[in-house]
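Structure first, then comments.
Chain letters run A, B, ... following the sequence lines, proteins first, then strands; residues in each count from 1.
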Number of protein chains: 2
Amino acid sequence: MAKLASLKSEKRLLDRRAADQIRSHILEGVLPAGERLLETQLSEELEVSRGTVRSALAQLANEGLVQQVAFTRWEVSDTSTVDAWEIYTLRGAMEGLGARLAVNNVTEADGERLRAMVDELLAAIREGRFRDATDIDFGLHSAIVELARHKRLAEQHRFIVQQVRFHMVQSGFLPNDYDGLISEHKALVDAVIARDADRAERLARSHNDAEVHLLAELLKQGGRARVVREKAS
Amino acid sequence: MAKLASLKSEKRLLDRRAADQIRSHILEGVLPAGERLLETQLSEELEVSRGTVRSALAQLANEGLVQQVAFTRWEVSDTSTVDAWEIYTLRGAMEGLGARLAVNNVTEADGERLRAMVDELLAAIREGRFRDATDIDFGLHSAIVELARHKRLAEQHRFIVQQVRFHMVQSGFLPNDYDGLISEHKALVDAVIARDADRAERLARSHNDAEVHLLAELLKQGGRARVVREKAS
DNA sequence: GTTTTGCTGATTGCTGACAATCCTGCGGAA
DNA sequence: TTCCGCAGGATTGTCAGCAATCAGCAAAAC
């Protein structure tokens with residue numbers, strides 16, 4: 001039987017779709033950190049009931065993009081230095097585990113796919129398409145994690161990557177050492193393809209080390225949590 | 001100001017409390033794996049509205065204790081071998097990170113507390129109080145993770161530990177090598193107190209290795225996901 | 001006998017209205 | 001002047017009912 005056009009996009013539950021809309025607004029910076037979210041207003045804009053909006057907000061709270069103050073307010077999460085440190089350290093641990101496990105499942109085709117992504121990354125950087133480059137960067141890491149065939153890890157990783165991206169939007173952060181970036185990714189992909197679990201894990205984990213150390217230093221200096229907000233200085 | 005009698009139990013949101021009730025029923029095995037959950041029935045038993053039950057179930061779904069089949073049913077999660085492998089590998093990675101970071105914050109008082117827990121664990125095992133022993137065991141690991149002062153890690157760890165316990169209830173699993181258990185915990189605590197990050201991480205991670213390897217072998221043999229169900233054979 | 005089709009009861013998804021709670025600002029007292 | 005308490009308004013929390021969807025069964029078609 002010929003496969004008919006999927007109605008899935010219509011089929012998805014309303015609260016999920018509402019969450020998608022709000023999420024993308026947050027990740028694109030339309031809704032900035034700290035912004036208060038009113039259930040009534042959202043329900044009017046999205047043309048769904050307040051209960052549905054509530055359910056959507058609860059999902060986003062689980063993803064770490066939104067915070068709830070009981071009986072009082074919802075707001076877009078504000079990522080402090082402590083939060084950034086938490087996000088990056090967790091990311092390291094998860095991608096480390098992912099890379100270690102990926103080694104057991106990687107096929108030749110997977111290897112080719114990963115190498116192709118590194119090439120794309122290189123091309124994007126050479127041509128100055130930095131927005132594309134970060135997308136490919138994240139995609140590469142996610143691809144490796146997917147190879148671990150670990151549903152829970154993949155899901156948690158999605159959430160963490162989302163928070164990393166959100167933090168980058170907030171702080172206006174962009175990588176500066178692109179050459180190092182390329183060689184790091186190349187080495188990581190090589191290790192995965194070579195099925196060297198220890199090396200793959202070590203490389204995946206150390207990928208964020210520069211940021212983690214910077215953030216740890218900031219914390220030692222500042223003592224208390226301070227908000228990172230040097231947007232496009 | 002003197003701390004007044006906590007109104008927390010009254011103050012907490014209704015859906016959270018509903019989730020607490022259902023959760024404890026699941027973790028105690030009153031609601032077995034695969035059991036269908038009817039919103040109407042739960043709302044009558046808990047004396048709250050269906051919307052509140054719905055919110056509670058959504059929370060439990062995020063914790064991995066419950067699964068939703070859209071438009072059709074809620075059911076208590078059924079933990080397959082694959083799931084168990086996922087849970088234990090994730091646990092290793094998280095507790096590894098936790099132990100590594102704990103090293104930076106551990107005080108003398110913390111060290112004493114950890115050592116006391118090991119002693120309690122030893123006593124419980126000696127006296128045959130195995131139920132207490134597992135509680136202390138989990139408590140010890142959680143205490144170390146708490147020392148990392150990492151909110152996101154602590155929360156994720158809580159969820160993972162919950163799933164570990166749930167899996168243990170389902171499979172009737174109990175540790176058998178209690179002597180090894182004690183020495184492993186002693187070594188881990190010593191490493192944390194000695195502020196040896198690498199050793200602490202390695203020990204924390206390897207704590208589950210026996211289970212992980214067993215599960216991985218089962219997966220290789222069984223090929224497809226099979227449910228572990230040798231309950232008190 | 002097997003497959004398809006249409007119905008029915010049950011269950012989940014969503015909505016609008018009501019109740020509980022919190023923040024704001026004003027007035028009065030120390 | 002400053003602090004406290006207390007309405008009033010705004011916002012979130014909870015509820016009961018209607019709509020959409022699904023599994024199962026029985027009848028019809030081949």
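- Defined by atom type and a distance below 3.5 Å, a donor-acceptor pair is missing between the side-chain atoms of B:Glu217 and B:Gln221.
- Residues from residues 34-46 of chain B that place a heavy atom under 4.0 Å from any atom of DNA chain C, listed by number: B:Arg36, B:Leu37, B:Leu38, B:Glu39.
- When all heavy atoms are compared, the tightest approach of B:Ala19 to B:Gln59 is CB-OE1, 3.8 Å.
- If you measure from atom CG of B:Asp15 to atom P of D:dT12, you get 15 Å, rounded to the nearest angstrom.
- The interatomic distance linking B:Arg73 (CZ) with C:dG9 (P) rounds to 21 Å, in whole Å.
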Indicate every side-chain donor-acceptor pair of residues 154-162 of chain B with a distance under 3.5 Å to a residue at least two apart or in another chain.
{"from": "B:His157", "atom 1": "NE2", "to": "B:Glu95", "atom 2": "OE2", "distance (Å)": "2.7"}

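- A side-chain N or O of A:Asp110 and one of A:Thr107 form a donor-acceptor pair less than 3.5 Å apart.
- Spacing between atom CD of B:Glu75 and atom C1' of C:dT12 amounts to 14 Å, rounded to whole angstrom units.
- Counted by atom type alone, A:Asp83 and A:His167 present zero donor-acceptor pairs between their side chains at under 3.5 Å.
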(request) Give the intermediate values and the outcome of side chain to side chain donor-acceptor pair (under 3.5 Å) for residues A:Glu39 and A:Trp74. (result) CA-CA 8 Å; A:Glu39 295 180 356; A:Trp74 295 89; 2.9 Å; yes
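- Counting to the nearest Å, the C1' atom of D:dG13 and the CD atom of A:Gln68 are 10 Å from each other.
- Checked by atom type, the side-chain pair B:Arg91/B:Gln163 shows no donor-acceptor distance below 3.5 Å.
- Put simply, CG on B:Leu14 is 12 Å from P on C:dA20, counting in whole angstrom units.
- Counting only N and O atoms by type, the side chains of B:Asp209 and B:His213 include no donor and acceptor under 3.5 Å apart.
- Between the CZ atom of A:Arg54 and the C1' atom of D:dT11 there is a distance of 10 Å, rounded to whole Å.
- What separates CD of B:Gln67 from P of C:dT12 is a distance of 15 Å, to the nearest Å.
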Sub-3.5 Å pairs of nitrogen or oxygen atoms, protein against nucleotides 16-23 of chain D:
{"from": "D:dC22", "atom 1": "OP1", "to": "A:Lys11", "atom 2": "NZ", "distance (Å)": "2.9"}

